[in-house]
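The residues of the chain are indexed from 1 along the displayed sequence.
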Amino acid sequence: MSSEYRARGGRTPESRPPREPSSDATRMWDPRAVIVAVVADAALIGAFAALGRRTHERGVLGDYGLGLATTAWPFLAGAAVGWLITRAWTSPLRPLRSGVGIWLASVVGGMLLRAVSGQGTDPAFVVVAAATLALLLVGWRAIAFYLQSAGSAGQV
């Protein structure tokens, strides 16, 4: 018996059962759902930043019109990392599989980027940002997922 034969567990390539394709490899993703999810995430993070600026700063756009961008970019960058980590494009509307990871990355990444860029990370702000972004980034997905599930069951 050859060592190669033993290394394969005593099976020849022809006698092995066929492999099941992985669910990620066979999952078809809908580019429209990805676009909707990316736009929704960006718009909701932008709305979060605008509301915060309106409440605490001198206007949403601030000096030179860059205030909103200055406030939003760390959270947008964190969300982008979350999209990559969770591979959210494979199931962009799933609240747990995609939404929670994007939310965590937007909060953790956003706060780290705010800290290194000299923006505030007061503990009260971290709590409010985490709660608000959870409601927004996971919440809209939960609603969409429910409507999609109910619609496919003929309930909506």
Side-chain angles (χ1 to χ4, degrees), residues 17-156:
R19 273 189 175 171
E20 288 293 321
S22 72
S23 61
D24 284 344
T26 59
R27 184 176 306 179
M28 296 298 294
W29 56 278
D30 181 3
R32 291 172 297 174
V34 172
I35 291 168
V36 166
V38 167
V39 169
D41 285 349
L44 290 169
I45 290 170
F48 161 72
L51 182 61
R53 287 195 60 81
R54 183 171 171 260
T55 304
H56 301 291
E57 300 288 334
R58 290 179 293 157
V60 172
L61 297 179
D63 298 333
Y64 309 109
L66 298 176
L68 181 59
T70 301
T71 303
W73 81 263
F75 299 105
L76 291 169
V81 170
W83 269 82
L84 294 173
I85 290 171
T86 63
R87 299 180 58 209
W89 59 88
T90 62
S91 53
L93 302 182
R94 304 289 296 232
L96 296 179
R97 186 190 182 299
S98 299
V100 170
I102 293 167
W103 162 64
L104 286 172
S106 69
V107 172
V108 173
M111 292 303 167
L112 289 172
L113 290 170
R114 282 180 62 87
V116 299
S117 65
Q119 298 184 52
T121 57
D122 184 81
F125 172 66
V126 174
V127 170
V128 169
T132 304
L133 289 172
L135 180 67
L136 295 174
L137 299 177
V138 180
W140 83 260
R141 283 179 171 82
I143 293 167
F145 186 73
Y146 170 76
L147 292 175
Q148 184 182 40
S149 298
S152 66
Q155 296 175 356
V156 175

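Closest approach of Gly101 to Thr86, counting heavy atoms only: CA-CG2, 3.6 Å. Scanning all heavy atoms of the two residues, the minimum distance from Trp103 to Ala130 falls at NE1-O, 2.8 Å. Nearest heavy atoms, Ile102 versus Ala88: CD1-CB, 3.7 Å. Of all heavy-atom pairs spanning Trp83 and Pro92, the tightest one is CH2-CB, 3.9 Å. Across Ala72 and Ile45, no two heavy atoms sit closer than the pair O-CG2, 4.2 Å. Contact detail for Ser106 and Leu137: the closest heavy-atom pair is OG-CD1, 3.4 Å.
Once rounded to the nearest 0.5 Å, the distance linking CD1 of Ile85 with OG of Ser98 reads 12.5 Å. For the atom pair Arg141 CZ and Gln148 CD, the distance stands at 12.5 Å (nearest 0.5 Å). Interatomic distance, Trp140 CH2 to Leu93 CG, rounded to the nearest 0.5 Å: 5.0 Å. To the nearest 0.5 Å, atom CG of residue Leu51 and atom OG1 of residue Thr71 are 11.5 Å apart.
Under the ring pair (Phe, Tyr, Trp, His ring centres under 6.0 Å) criterion, Phe145 pairs with no residue, sequence neighbours left out. Remark: Pro74 engages Leu113, Arg114, Gln119 in a side chain to side chain contact (heavy atoms under 4.5 Å, CB included) (not counting sequence neighbours).
Using bins of under 30°, 30° to 60° and over 60° for the plane-to-plane angle, the ring pair Phe48/Phe75 lands in the perpendicular bin.
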